There are 2 protein chains.
Amino acid sequence: MTELEKGPTGRRRGRGARERILGAAQQLFREQGINRTGMNELCAAAEVSKRTAYQHFTGKDELVAEYLRRFDPSVLPGVFDRTDLTPRERLLAAFDIPPGTPLCPYIGAAVELHDPQHPASRYASDYKKAVAARLADTAREAGAADPERLGEQLALLIDGAAARTRVLDADAFPTAAAIAAVLIDNALPATTGHDRRREELSS
Amino acid sequence: MTELEKGPTGRRRGRGARERILGAAQQLFREQGINRTGMNELCAAAEVSKRTAYQHFTGKDELVAEYLRRFDPSVLPGVFDRTDLTPRERLLAAFDIPPGTPLCPYIGAAVELHDPQHPASRYASDYKKAVAARLADTAREAGAADPERLGEQLALLIDGAAARTRVLDADAFPTAAAIAAVLIDNALPATTGHDRRREELSS
DNA sequence: TGTTAAGTAAACCGCCCTGTGTGCTTACGG
DNA sequence: CCGTAAGCACACAGGGCGGTTTACTTAACA
């Protein structure tokens, strides 16, 4: 239905209220959480009337679901496409996150929604699996013995760091990165080592 | 003030409304979350009049804080006192949690309260530090090279497993335990190994 | 037995939240 | 240039929430 609202020029007739709503949702839900962000506040931030908002989304639940679904494409953006890095370095780069980077919203969403039946739960599950899969792909590329296993382990480390950072209000990603380094070194066959520069030295 | 309400016999005069309130809080906050549990519902479950509840606690915030503070004594109960286990086994036992065991409430609380200034945040911080410290103690006992570091790492694994279990609705502790085993083996000096039975064998 | 504190029951207040209804304005497209 | 639909402003309904109040009942103890 939404797609049909596009005119022959490919441009919506209105002024793009839907995108503004989702933009405001992304910012406010992240900053304040879902439950603490009322529709009034959200509509004000989006510079959209409430009426319009409820014409685009049947209710807050649907908006929340769409907000979480949208997060999907941004799976650790860029990290896995850095061709200048070795696979091993790419795996570690997933933990090299500047402080203040918005963390995975699904942990908070799972707590706030508190309903495993909520449609958004599936998006969370999909996202987690996607992250683990991309980590596994890179692990395979790096020559890991059991890439799926390593991918799952690294994904758990990311979640642990995110959760701990949130509760303790202190960056826990360096600790997670240190663990990741150990796991990777243990998973890669000895010949691959942890130091690619050996190629430039003797052999 | 609360302490003064005890009679000369050391026994409260009433019928223990305070404990019933905290008991209901423990159950409901865990089952439904903090924000989704109203004071009406809570008082009904505790079989306590709202009036009484607000005489024991100035407000919901104070009740929440006390609920979280109470969790403190139950730091991984029993696990660290199992004298029948080697230190290494005790470290791993922290991950051997039967499915359905109530997970650390502070992750959810941090999300729901969403206020680093909330008094309960300090309890969360204290608890996390206490867990890491006990893990570090056991790690030291096991002969780890850097017990504080290992304790922090294992604590992160526990949080990661808890978060991931919550989001994916699937037990993530086995994965965390596998990581823990690797970390422990790497942290203990080679002479100590991962097998304490060497004492019974040669030396 | 009478005083006092603890507890009960239920109505009530003000606030904020999700969600609607109504009437008006704007802008694209034929 | 006018019709149509997207969007706007704003009031308001209904409900649940945290929290308060009033009037009454129970139990301990001197």
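Note on naming: letters A, B, ... go to the chains in the order of the sequence lines (proteins, then strands), and numbering restarts at 1 for each one. This is a predicted model, so every value here is computed, not measured.
Here the P atom of nucleotide dA6(C) and the CD atom of E47(B) are 20 Å apart, to the nearest Å. Between E19(B) atom CD and dA6(C) atom P there is a gap of 15 Å when expressed in whole angstrom units. At whole-Å resolution of the value, CD in Q32(A) and C1' in dC17(C) are 14 Å apart. Between Q55(B) atom CD and dG7(C) atom C1' the separation is 8 Å, expressed in whole Å. Atom CD1 of I21(A) and atom P of dA6(D) are 13 Å apart (whole Å).
Remark: R90(B) does not engage D81(B) in a salt bridge, criterion side-chain N to carboxylate O under 4.0 Å.
The closest side-chain heavy-atom distance from E89(B) to R82(B) is not below 4.5 Å. Within the 4.5 Å cutoff, the side chain of Y127(A) has heavy atoms near those of the C104(A) side chain. Using a 4.5 Å heavy-atom threshold, the side chains of L63(B) and L42(B) count as touching.
Judged by distance alone, the side chains of E41(A) and T37(A) never bring a donor and an acceptor atom under 3.5 Å apart.
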Show me the protein contacts with nucleotides 16-20 of chain D, counting only N or O atoms at under 3.5 Å.
| from | atom 1 | to | atom 2 | distance (Å) |
| --- | --- | --- | --- | --- |
| dG18(D) | OP1 | K60(B) | NZ | 2.6 |
| dG18(D) | OP2 | M39(B) | N | 2.5 |
| dG19(D) | OP2 | Y54(B) | OH | 3.3 |
| dG19(D) | OP2 | K60(B) | N | 2.7 |
| dG19(D) | N7 | K50(B) | NZ | 2.7 |
| dG19(D) | O6 | K50(B) | NZ | 2.4 |

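Considering only side-chain N and O atoms, S49(A) lies nowhere under 4.0 angstrom from the phosphate OP1 or OP2 of dA9(D). Of the side-chain N and O atoms in H56(B), one or more sit less than 4.0 angstrom from OP1 or OP2 of dG7(C).
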Side-chain donor-acceptor distances from residues 152-163 of chain A under 3.5 Å, at least two apart:
| from | atom 1 | to | atom 2 | distance (Å) |
| --- | --- | --- | --- | --- |
| E152(A) | OE2 | R164(B) | NE | 3.2 |
| D159(A) | OD1 | K128(A) | NZ | 2.8 |
| D159(A) | OD2 | R164(B) | NH1 | 2.6 |

